[in-house]
Amino acid sequence: MRIATWNINSLRARMDRVLAFLERHDVDVLALQEIKAKPPQLDLAALEQAGYEVAAHGLNQWNGVALLSRVGLADVRTELPGVPTWPQDETGVVEARALSGVVGDGLRIWSLYVPNGRELEHPHYGYKLRWLEALRAEGARELAESAQSRTAFVGDFNVAPFDEDVWDMEFFADKTHVTPPERAAFQAVVEAGYADVVRPDHPGPGVYTYWDYQKLRFPKKEGMRIDFVLGSPAVQSAVTGSFIDREERKGKGASDHAPVVVDLEF
DNA sequence: ATGGTTGTGCTACAA
(Lines give C-alpha, C1' and ligand atoms only; values in the text may rest on other atoms or scores of the structure.)
Protein backbone atom coordinates (compact mmCIF):
# COMPACT_ATOMS: atom_id res chain seq x y z
CA MET A 1 0.00 0.00 0.00
CA ARG A 2 1.32 3.39 -1.01
CA ILE A 3 0.32 6.33 1.20
CA ALA A 4 1.18 10.00 0.76
CA THR A 5 0.71 13.34 2.48
CA TRP A 6 0.60 16.73 0.76
CA ASN A 7 -0.20 20.23 1.90
CA ILE A 8 -2.08 21.14 -1.26
CA ASN A 9 -2.77 24.85 -0.52
CA SER A 10 -6.30 24.73 -2.01
CA LEU A 11 -7.70 21.49 -3.35
CA ARG A 12 -9.98 23.25 -5.84
CA ALA A 13 -7.08 25.20 -7.34
CA ARG A 14 -4.98 22.05 -7.75
CA MET A 15 -7.43 19.23 -8.45
CA ASP A 16 -5.70 18.51 -11.76
CA ARG A 17 -2.33 18.19 -10.03
CA VAL A 18 -3.82 15.87 -7.42
CA LEU A 19 -5.32 13.59 -10.06
CA ALA A 20 -2.07 13.53 -12.04
CA PHE A 21 -0.04 12.84 -8.89
CA LEU A 22 -2.26 9.93 -7.84
CA GLU A 23 -1.98 8.36 -11.27
CA ARG A 24 1.71 9.02 -11.83
CA HIS A 25 2.74 7.42 -8.56
CA ASP A 26 -0.03 4.84 -8.23
CA VAL A 27 -1.00 6.21 -4.80
CA ASP A 28 -3.56 4.31 -2.72
CA VAL A 29 -4.12 6.79 0.11
CA LEU A 30 -3.52 10.54 0.06
CA ALA A 31 -3.81 12.83 3.06
CA LEU A 32 -4.28 16.47 2.13
CA GLN A 33 -3.91 19.63 4.21
CA GLU A 34 -4.96 23.21 3.61
CA ILE A 35 -7.75 22.19 1.27
CA LYS A 36 -9.11 25.74 1.80
CA ALA A 37 -12.70 24.72 1.21
CA LYS A 38 -15.82 23.47 2.89
CA PRO A 39 -16.81 20.00 1.66
CA PRO A 40 -19.91 21.20 -0.28
CA GLN A 41 -17.65 23.44 -2.38
CA LEU A 42 -15.64 20.47 -3.65
CA ASP A 43 -16.32 18.77 -6.96
CA LEU A 44 -15.20 15.22 -6.27
CA ALA A 45 -16.50 13.60 -9.45
CA ALA A 46 -13.09 13.12 -11.06
CA LEU A 47 -11.61 11.62 -7.89
CA GLU A 48 -14.51 9.23 -7.51
CA GLN A 49 -14.22 8.36 -11.18
CA ALA A 50 -10.59 7.47 -10.50
CA GLY A 51 -11.73 5.08 -7.79
CA TYR A 52 -11.13 7.10 -4.62
CA GLU A 53 -13.40 7.50 -1.64
CA VAL A 54 -13.08 10.96 -0.12
CA ALA A 55 -13.53 12.28 3.39
CA ALA A 56 -13.12 16.04 3.78
CA HIS A 57 -13.26 18.27 6.83
CA GLY A 58 -13.27 22.01 6.25
CA LEU A 59 -14.87 24.84 8.20
CA ASN A 60 -13.24 27.96 6.80
CA GLN A 61 -11.17 29.35 3.95
CA TRP A 62 -7.82 28.94 5.69
CA ASN A 63 -7.36 25.29 6.49
CA GLY A 64 -9.22 22.02 6.13
CA VAL A 65 -7.99 18.45 5.70
CA ALA A 66 -9.00 15.47 3.59
CA LEU A 67 -8.32 11.79 3.04
CA LEU A 68 -8.55 10.05 -0.31
CA SER A 69 -8.45 6.27 -0.45
CA ARG A 70 -8.98 3.57 -3.04
CA VAL A 71 -8.38 0.81 -0.47
CA GLY A 72 -11.35 1.48 1.79
CA LEU A 73 -12.13 4.37 4.11
CA ALA A 74 -13.95 3.46 7.32
CA ASP A 75 -14.62 4.95 10.74
CA VAL A 76 -13.85 8.55 9.75
CA ARG A 77 -13.11 10.89 12.65
CA THR A 78 -12.81 14.67 12.46
CA GLU A 79 -11.64 15.53 15.94
CA LEU A 80 -8.54 14.71 17.93
CA PRO A 81 -9.71 14.25 21.52
CA GLY A 82 -8.68 17.15 23.73
CA VAL A 83 -7.44 19.36 20.93
CA PRO A 84 -7.92 23.05 21.72
CA THR A 85 -9.81 25.35 19.39
CA TRP A 86 -8.88 28.59 17.73
CA PRO A 87 -9.87 31.41 17.87
CA GLN A 88 -10.87 31.40 21.51
CA ASP A 89 -13.95 29.41 22.39
CA GLU A 90 -16.21 32.43 22.95
CA THR A 91 -16.28 33.12 19.22
CA GLY A 92 -17.72 29.69 18.62
CA VAL A 93 -15.29 29.17 15.74
CA VAL A 94 -13.35 25.95 15.53
CA GLU A 95 -10.94 24.76 12.91
CA ALA A 96 -10.60 21.70 10.73
CA ARG A 97 -7.06 20.47 11.32
CA ALA A 98 -7.43 16.72 11.80
CA LEU A 99 -9.24 13.92 10.06
CA SER A 100 -8.67 10.19 10.22
CA GLY A 101 -9.97 7.02 8.69
CA VAL A 102 -9.14 3.34 8.62
CA VAL A 103 -7.71 2.27 5.27
CA GLY A 104 -6.29 -0.87 3.73
CA ASP A 105 -5.48 -3.61 6.20
CA GLY A 106 -6.44 -1.79 9.39
CA LEU A 107 -4.25 1.30 9.17
CA ARG A 108 -5.63 4.36 10.94
CA ILE A 109 -4.20 7.37 9.18
CA TRP A 110 -4.56 10.91 10.50
CA SER A 111 -4.27 13.86 8.11
CA LEU A 112 -2.97 16.67 10.32
CA TYR A 113 -2.50 20.36 9.77
CA VAL A 114 -0.70 21.55 12.89
CA PRO A 115 -1.25 25.25 13.74
CA ASN A 116 1.42 27.52 12.27
CA GLY A 117 2.13 29.55 15.40
CA ARG A 118 2.56 32.81 13.48
CA GLU A 119 4.92 34.80 15.74
CA LEU A 120 6.56 33.89 19.03
CA GLU A 121 4.55 36.49 20.94
CA HIS A 122 1.27 35.63 19.22
CA PRO A 123 -1.41 33.66 21.11
CA HIS A 124 -1.39 31.26 18.15
CA TYR A 125 2.04 30.04 19.28
CA GLY A 126 0.70 28.78 22.59
CA TYR A 127 -2.25 27.27 20.78
CA LYS A 128 0.20 25.37 18.56
CA LEU A 129 2.02 23.92 21.59
CA ARG A 130 -1.24 22.86 23.26
CA TRP A 131 -2.40 21.30 20.00
CA LEU A 132 0.76 19.20 19.71
CA GLU A 133 0.39 18.08 23.34
CA ALA A 134 -3.15 16.91 22.58
CA LEU A 135 -1.75 14.96 19.62
CA ARG A 136 0.88 13.34 21.85
CA ALA A 137 -1.77 12.36 24.38
CA GLU A 138 -3.95 10.78 21.70
CA GLY A 139 -0.99 8.91 20.28
CA ALA A 140 0.00 7.62 23.71
CA ARG A 141 -3.57 6.56 24.45
CA GLU A 142 -3.75 4.66 21.17
CA LEU A 143 -0.57 2.68 21.89
CA ALA A 144 -1.56 2.07 25.51
CA GLU A 145 -4.73 0.48 24.20
CA SER A 146 -2.84 -1.68 21.75
CA ALA A 147 0.91 -1.74 21.26
CA GLN A 148 0.27 -3.36 17.87
CA SER A 149 -1.94 -0.55 16.59
CA ARG A 150 -1.30 0.50 13.03
CA THR A 151 -1.45 4.27 13.35
CA ALA A 152 0.13 6.96 11.20
CA PHE A 153 0.16 10.68 11.96
CA VAL A 154 0.88 12.40 8.66
CA GLY A 155 0.77 15.96 7.46
CA ASP A 156 2.15 19.44 7.86
CA PHE A 157 3.55 19.68 11.39
CA ASN A 158 4.84 23.24 10.99
CA VAL A 159 7.92 22.23 13.00
CA ALA A 160 11.45 21.74 11.70
CA PRO A 161 12.70 19.22 14.28
CA PHE A 162 16.45 19.65 13.64
CA ASP A 163 18.74 22.46 12.58
CA GLU A 164 19.44 20.63 9.32
CA ASP A 165 15.72 20.90 8.47
CA VAL A 166 16.01 24.58 7.55
CA TRP A 167 18.40 26.23 5.12
CA ASP A 168 19.73 28.79 7.59
CA MET A 169 19.25 28.67 11.34
CA GLU A 170 20.28 32.32 11.66
CA PHE A 171 17.28 33.30 9.54
CA PHE A 172 14.99 31.51 12.00
CA ALA A 173 16.58 32.87 15.15
CA ASP A 174 13.48 34.84 16.16
CA LYS A 175 10.88 32.82 14.28
CA THR A 176 8.53 29.92 14.87
CA HIS A 177 9.02 26.31 13.63
CA VAL A 178 12.48 25.86 15.21
CA THR A 179 12.08 26.98 18.82
CA PRO A 180 12.97 24.52 21.61
CA PRO A 181 9.36 24.31 22.89
CA GLU A 182 8.06 23.45 19.41
CA ARG A 183 10.80 20.89 18.88
CA ALA A 184 10.16 19.40 22.32
CA ALA A 185 6.44 19.12 21.54
CA PHE A 186 7.24 17.36 18.26
CA GLN A 187 9.80 15.10 19.90
CA ALA A 188 7.26 14.16 22.57
CA VAL A 189 5.05 12.71 19.83
CA VAL A 190 8.04 10.75 18.53
CA GLU A 191 8.90 9.51 22.02
CA ALA A 192 5.30 8.43 22.51
CA GLY A 193 6.11 5.84 19.82
CA TYR A 194 5.67 7.57 16.47
CA ALA A 195 8.90 7.70 14.48
CA ASP A 196 9.61 9.71 11.35
CA VAL A 197 9.71 6.83 8.87
CA VAL A 198 11.15 8.89 5.99
CA ARG A 199 14.23 10.45 7.57
CA PRO A 200 16.28 7.24 7.91
CA ASP A 201 16.24 6.75 4.13
CA HIS A 202 16.43 10.46 3.34
CA PRO A 203 18.72 12.11 5.86
CA GLY A 204 19.45 15.80 5.68
CA PRO A 205 20.73 18.39 5.45
CA GLY A 206 19.04 19.96 2.47
CA VAL A 207 16.10 17.53 2.32
CA TYR A 208 13.00 19.72 2.37
CA THR A 209 9.26 19.45 1.87
CA TYR A 210 8.33 23.15 1.78
CA TRP A 211 9.67 26.21 0.01
CA ASP A 212 8.10 29.65 0.49
CA TYR A 213 6.56 31.13 -2.64
CA GLN A 214 8.37 34.37 -1.87
CA LYS A 215 11.98 35.35 -2.43
CA LEU A 216 12.71 32.58 -4.95
CA ARG A 217 13.12 30.09 -2.14
CA PHE A 218 12.66 27.02 -4.35
CA PRO A 219 15.21 27.82 -7.06
CA LYS A 220 17.60 28.93 -4.32
CA LYS A 221 17.06 25.59 -2.55
CA GLU A 222 16.00 27.42 0.62
CA GLY A 223 13.37 25.15 2.11
CA MET A 224 12.18 23.50 5.28
CA ARG A 225 11.39 19.92 6.26
CA ILE A 226 8.09 20.26 8.06
CA ASP A 227 5.90 17.54 6.50
CA PHE A 228 6.16 14.10 8.05
CA VAL A 229 4.87 10.57 8.19
CA LEU A 230 5.07 9.45 11.81
CA GLY A 231 4.28 5.77 12.31
CA SER A 232 3.54 3.56 15.29
CA PRO A 233 5.92 0.58 15.73
CA ALA A 234 3.71 -1.64 13.58
CA VAL A 235 3.79 0.95 10.81
CA GLN A 236 7.53 1.50 11.14
CA SER A 237 8.23 -2.18 10.59
CA ALA A 238 5.98 -2.22 7.52
CA VAL A 239 7.84 0.52 5.65
CA THR A 240 9.50 -0.67 2.44
CA GLY A 241 10.43 2.68 0.93
CA SER A 242 9.72 6.41 0.75
CA PHE A 243 10.42 9.56 -1.21
CA ILE A 244 9.69 13.26 -1.33
CA ASP A 245 8.23 14.25 -4.71
CA ARG A 246 10.21 17.44 -5.21
CA GLU A 247 9.08 17.58 -8.86
CA GLU A 248 5.62 18.62 -7.66
CA ARG A 249 7.04 21.92 -6.38
CA LYS A 250 8.08 22.86 -9.91
CA GLY A 251 6.19 24.73 -12.59
CA LYS A 252 3.17 26.95 -12.76
CA GLY A 253 0.43 26.21 -10.28
CA ALA A 254 2.54 24.28 -7.76
CA SER A 255 1.67 24.10 -4.07
CA ASP A 256 4.37 25.49 -1.81
CA HIS A 257 4.73 21.98 -0.34
CA ALA A 258 5.91 18.74 -1.97
CA PRO A 259 4.19 15.40 -1.35
CA VAL A 260 5.81 12.83 0.96
CA VAL A 261 5.23 9.24 -0.17
CA VAL A 262 5.66 6.04 1.88
CA ASP A 263 5.26 2.39 0.85
CA LEU A 264 3.93 -0.09 3.40
CA GLU A 265 3.68 -3.87 3.43
CA PHE A 266 1.89 -5.26 6.45
C1' DA B 1 16.56 46.38 -7.61
C1' DT B 2 18.61 44.13 -1.58
C1' DG B 3 12.88 42.79 -4.31
C1' DG B 4 10.90 38.92 -6.61
C1' DT B 5 3.81 34.76 -3.97
C1' DT B 6 -0.43 32.56 -3.63
C1' DG B 7 -5.47 31.50 -2.51
C1' DT B 8 -9.75 32.94 -0.77
C1' DG B 9 -13.21 36.13 -1.06
C1' DC B 10 -13.74 40.85 -1.04
C1' DT B 11 -9.36 44.05 0.77
C1' DA B 12 -7.56 41.86 4.48
C1' DC B 13 -5.57 37.79 6.00
C1' DA B 14 -3.02 33.61 6.48
C1' DA B 15 0.93 31.10 5.19
Side-chain angles (χ1 to χ4, degrees), chain A residues 5-21 31-44 56-66 83-88 91-98 111-132 154-161 165-168 170-179 182 185-186 208-228 245-260:
Chain A
T5 180
W6 192 6
N7 180 322
I8 195 64
N9 186 23
S10 173
L11 178 52
R12 285 176 292 172
R14 265 173 271 288
M15 187 62 82
D16 290 350
R17 275 198 181 244
V18 168
L19 288 161
F21 168 76
L32 294 168
Q33 300 86 38
E34 279 200 90
I35 65 171
K36 292 191 169 180
K38 302 170 187 179
Q41 298 177 292
L42 299 171
D43 179 2
L44 303 174
H57 182 40
L59 297 169
N60 63 27
Q61 73 205 76
W62 311 125
N63 43 56
V65 285
V83 77
T85 59
W86 179 269
Q88 302 309 317
T91 69
V93 177
V94 294
E95 295 185 303
R97 294 186 174 275
S111 179
L112 303 175
Y113 179 42
V114 177
N116 175 284
R118 303 184 189 176
E119 291 92 36
L120 299 188
E121 309 75 18
H122 198 286
H124 207 269
Y125 178 77
Y127 164 57
K128 177 182 192 175
L129 296 178
R130 294 192 299 277
W131 202 100
L132 283 165
V154 313
D156 177 358
F157 284 76
N158 271 315
V159 176
D165 297 332
V166 297
W167 81 90
D168 179 10
E170 286 185 24
F171 177 85
F172 287 91
D174 55 352
K175 295 182 174 64
T176 60
H177 293 61
V178 301
T179 65
E182 289 168 281
F186 180 92
Y208 304 132
T209 64
Y210 162 85
W211 300 259
D212 198 315
Y213 284 126
Q214 300 188 59
K215 303 182 192 295
L216 302 173
R217 294 298 185 204
F218 185 64
K220 288 158 75 174
K221 304 188 190 307
E222 296 176 342
M224 306 170 73
R225 191 201 286 235
I226 56 177
D227 298 88
F228 300 101
D245 187 11
R246 200 174 159 282
E247 293 299 305
E248 269 299 341
R249 183 60 180 80
K250 297 180 180 176
K252 188 173 174 56
S255 169
D256 43 3
H257 293 252
V260 179

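Chain letters run A, B, ... following the sequence lines, proteins first, then strands; residues in each count from 1.
The CD-C1' distance, from A:Gln61 to B:dA14, rounds to 9 Å in whole Å. Separating the NE2 atom of A:His177 from the P atom of B:dA14 is a distance of 15 Å, rounded to the nearest angstrom. At whole-Å resolution of the value, CG in A:Asn63 and P in B:dG7 are 17 Å apart. Here the C1' atom of nucleotide B:dA15 and the CH2 atom of A:Trp211 are 16 Å apart, to the nearest Å. Spacing between atom CG of A:Asn9 and atom C1' of B:dT5 amounts to 10 Å, rounded to whole angstrom units. For A:Ile35 and B:dA15, the CD1 to P distance is 15 Å, given to the nearest whole Å. For the pair A:Glu222 CD and B:dT5 C1', the interatomic distance rounds to 15 Å; values are reported in whole Å.
A:Asn9 meets the side chain to side chain donor-acceptor pair (under 3.5 Å) test with A:Lys36, A:Tyr213; sequence neighbours excluded. When the ring pair (Phe, Tyr, Trp, His ring centres under 6.0 Å) test is applied to A:His57, no partner is found at least two apart in sequence or on another chain. Taking the side chain to side chain contact (heavy atoms under 4.5 Å, CB included) definition, one finds that A:Lys221 meets it with A:Arg246, sequence neighbours left out. Looking at residues two or more places apart in sequence or on another chain, you find a side chain to side chain donor-acceptor pair (under 3.5 Å) between A:Arg217 and A:Glu222. Applying the side chain to side chain donor-acceptor pair (under 3.5 Å) criterion to A:Ser255, with sequence neighbours excluded, gives no partner residue.
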Could you write out each protein N or O paired with an N or O of nucleotides 1-4 of chain B at a distance under 3.5 Å?
residue: B:dG4; atom: N2; partner: A:Lys215; partner atom: NZ; Å: 3.2

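Across all strands shown, A:Tyr113 has heavy atoms under 4.0 Å from sugar-phosphate atoms exclusively, and none from any base. Residue-level contact check: A:Arg14 touches the backbone only, with heavy atoms under 4.0 Å from sugar-phosphate atoms and none from bases.
Listed candidates were B:dA14, B:dT6, B:dT8. Nearest to the side chain of A:Arg118 is B:dA14.
For A:Ser10, a side-chain nitrogen or oxygen approaches OP1 or OP2 of B:dT8 to under 4.0 Å.
Interatomic distance, CG of A:Asp174 versus CD of A:Glu121, reported as 8.5 Å (0.5 Å rounding).
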